[in-house]
Amino acid sequence: MKWFRYVFGFGIRFELTRSNPTLAIRIKQPPPRRHVWNPEQITAVIRAATDMERPCIALAVQIAYDTSLRPGDIRALTWGQFDCESFWLKQQKTGTDQRVPLWPDTIAMIQAARGDTIPMPGAPIIRAPHGRPYRKDNFEHRFRNICRAINLPDDLQFRDIRRTAATERAEGGATVAEIAASTGHSIAHGARILDTYVNTKNYEMAQNAQAKRLRNRKGPKV
């Protein structure tokens with residue numbers, strides 16, 4: 001429908017038509033995804049990918065869980081972007097420059113994948129068996145096979161790990177600005193971040209909010 005509207009817009013601009021009937025069409029948007037992984041599922045899929053000789057998929061899961069990066073940015077990571085403590089990258093979707101800190105466990109996995117060799121700066125970190133970067137469909141197919149092998153539900157997707165990491169940051173007390181710095185969004189979209197990427201119905205976050213309110217509450221003591 002988006003491209004259908006573009007075509008009619010083109011037609012109006014060049015006076016090939018007088019109206020754009022597609023503007024009268026309203027498409028109901030599907031509800032946003034709310035799926036999150038739990039730590040045990042993350043650990044299980046990393047172990048299964050390693051056992052099934054897909055170490056780069058295991059590494060991709062670890063990086064996703066650590067960093068909140070988008071799946072496309074993870075598949076595109078190269079060795080020249082890794083400085084042994086963080087990633088330096090330009091987001092594919094927004095073009096935003098971002099430096100992403102890494103957990104020690106993630107750094108250890110990346111260094112193990114590199115081994116004793118010195119890879120070319122442009123060589124992919126997350127690579128398919130033939131040595132080239134994973135295509136999106138091929139990566140998702142392999143990832144789904146691994147999840148099914150350990151009986152994880154089909155409604156859990158790789159992209160949901162990004163939301164999971166953001167939710168855990170919020171549970172830990174991270175501010176909107178801190179979550180935005182991790183996900184690569186602007187501060188202006190802070191409310192949208194919480195709504196789209198963070199499971200705002202999470203009970204633990206509600207408990208944290210109540211605890212902070214209790215600590216800061218002013219009034220007569222009973």
Side-chain angles (χ1 to χ4, degrees), residues 2-3 5-6 29-37 42 46 56-111 113-114 119-128 132-140 143 156-200 202 205:
K2 178 179 70 174
W3 289 104
R5 288 176 175 172
Y6 286 164
Q29 295 294 326
R33 290 184 61 81
R34 298 293 185 185
H35 299 75
V36 293
W37 294 66
I42 294 289
I46 289 174
C56 282
I57 291 183
L59 180 56
V61 173
Q62 176 68 23
I63 291 172
Y65 187 49
D66 181 354
T67 66
S68 293
L69 286 174
R70 293 182 176 88
D73 289 327
I74 293 173
R75 294 193 305 272
L77 287 170
T78 64
W79 288 107
Q81 296 172 290
F82 176 60
D83 65 2
C84 295
E85 65 179 64
S86 61
F87 285 129
W88 298 76
L89 67 145
K90 183 183 290 291
Q91 293 185 43
Q92 294 181 347
K93 184 175 181 179
T94 64
T96 303
D97 292 320
Q98 186 178 9
R99 186 183 184 188
V100 184
L102 298 169
W103 285 335
D105 289 351
T106 307
I107 294 171
M109 285 185 68
I110 296 170
Q111 291 174 333
R114 180 173 57 189
M120 297 292 290
I125 295 177
I126 307 301
R127 59 191 183 277
R132 293 190 293 274
Y134 271 103
R135 297 192 310 273
K136 178 182 177 180
D137 57 346
N138 185 253
F139 179 92
E140 291 180 351
F143 178 77
L156 279 179
Q157 299 179 16
F158 182 77
R159 60 175 173 159
D160 296 327
I161 300 176
R162 173 171 165 84
R163 180 182 303 103
T164 300
T167 299
E168 289 188 3
R169 286 181 172 88
E171 289 174 354
T175 65
V176 172
E178 290 167 341
I179 295 173
S182 300
T183 61
H185 292 86
S186 67
I187 302 301
H189 291 144
R192 182 180 175 187
I193 295 168
L194 290 175
D195 185 56
T196 304
Y197 290 97
V198 177
N199 184 358
T200 53
N202 190 287
M205 282 190 287

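Nothing fancy with the numbering, it's 1 onward along the sequence.
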Quick one: [atom1] on [X] to [atom2] on [Y], what's the gap to the nearest 0.5 Å?
X: Phe139; Y: Arg75; atom1: CZ; atom2: CZ; value: 7.0 Å
X: Thr167; Y: Arg34; atom1: OG1; atom2: CZ; value: 9.0 Å
X: His185; Y: Thr96; atom1: NE2; atom2: OG1; value: 9.5 Å

Just to verify, what does Lys90 make a side-chain contact (heavy atoms from CB on, under 4.5 Å) with, not counting sequence neighbours? Asp97
Give a yes or no on whether a salt bridge exists between Lys93 and Asp73, defined as a side-chain N under 4.0 angstrom from a carboxylate O.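 Salt bridge: no.
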Who are the side-chain hydrogen bond (donor to acceptor under 3.5 Å, both in side chains) partners of Arg33, not counting sequence neighbours?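 side-chain hydrogen bond (donor to acceptor under 3.5 Å, both in side chains) check on Arg33 returns His35, Asp160.
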Is it the case that [X] and [Y] place a side-chain donor and acceptor less than 3.5 Å from each other?
X: Arg99; Y: Ser86; answer: yes
X: Thr106; Y: Gln62; answer: yes
X: Arg70; Y: Gln92; answer: no
X: Arg169; Y: Ser68; answer: yes

Donor-acceptor pair, distance only, cut-off 3.5 Å: does the side chain of [X] make one with the backbone of [Y]?
X: Glu178; Y: Thr175; answer: yes
X: Gln98; Y: Ser182; answer: yes
X: Gln81; Y: Phe87; answer: no

Quick one: does [X]'s side chain get under 4.5 Å of [Y]'s, heavy atoms only?
X: Ile110; Y: Arg114; value: no
X: Phe158; Y: Ile74; value: yes
X: Pro101; Y: Glu85; value: no
X: Trp79; Y: Pro121; value: no
X: Leu59; Y: Ile125; value: yes

Below 30° counts as parallel, above 60° as perpendicular, anything between as tilted: where do the rings of Trp37 and Phe143 land?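 Answer is tilted, since the angle falls between 30° and 60°.
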Classify the ring geometry between Tyr65 and Trp103 as parallel (under 30°), tilted (30 to 60°) or perpendicular (over 60°).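 Rings of Tyr65 and Trp103: perpendicular, as their planes differ by over 60°.
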Work out which heavy atom in [X] is nearest to a heavy atom in [Y]; give both atom names and the distance.
X: Ala166; Y: Thr183; result: CB-CG2, 4.3 Å
X: Val36; Y: Leu156; result: O-CD2, 3.6 Å
X: Arg127; Y: Ala113; result: NH2-O, 3.9 Å

Ile63: which of Val61, Thr67, Asp66 passes side-chain contact (heavy atoms from CB on, under 4.5 Å):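 Running side-chain contact (heavy atoms from CB on, under 4.5 Å) over Val61, Thr67, Asp66 with Ile63 returns exactly one hit, Thr67.
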Before you tell me yes or no, could you show the steps for Ile126 and Ile57 under side-chain contact (heavy atoms from CB on, under 4.5 Å), namely the whole-Å CA-CA distance, both residues' side-chain angles and the distance that decides it to 0.1 Å? CA-CA 7 Å; Ile126 307 301; Ile57 291 183; 6.0 Å; no
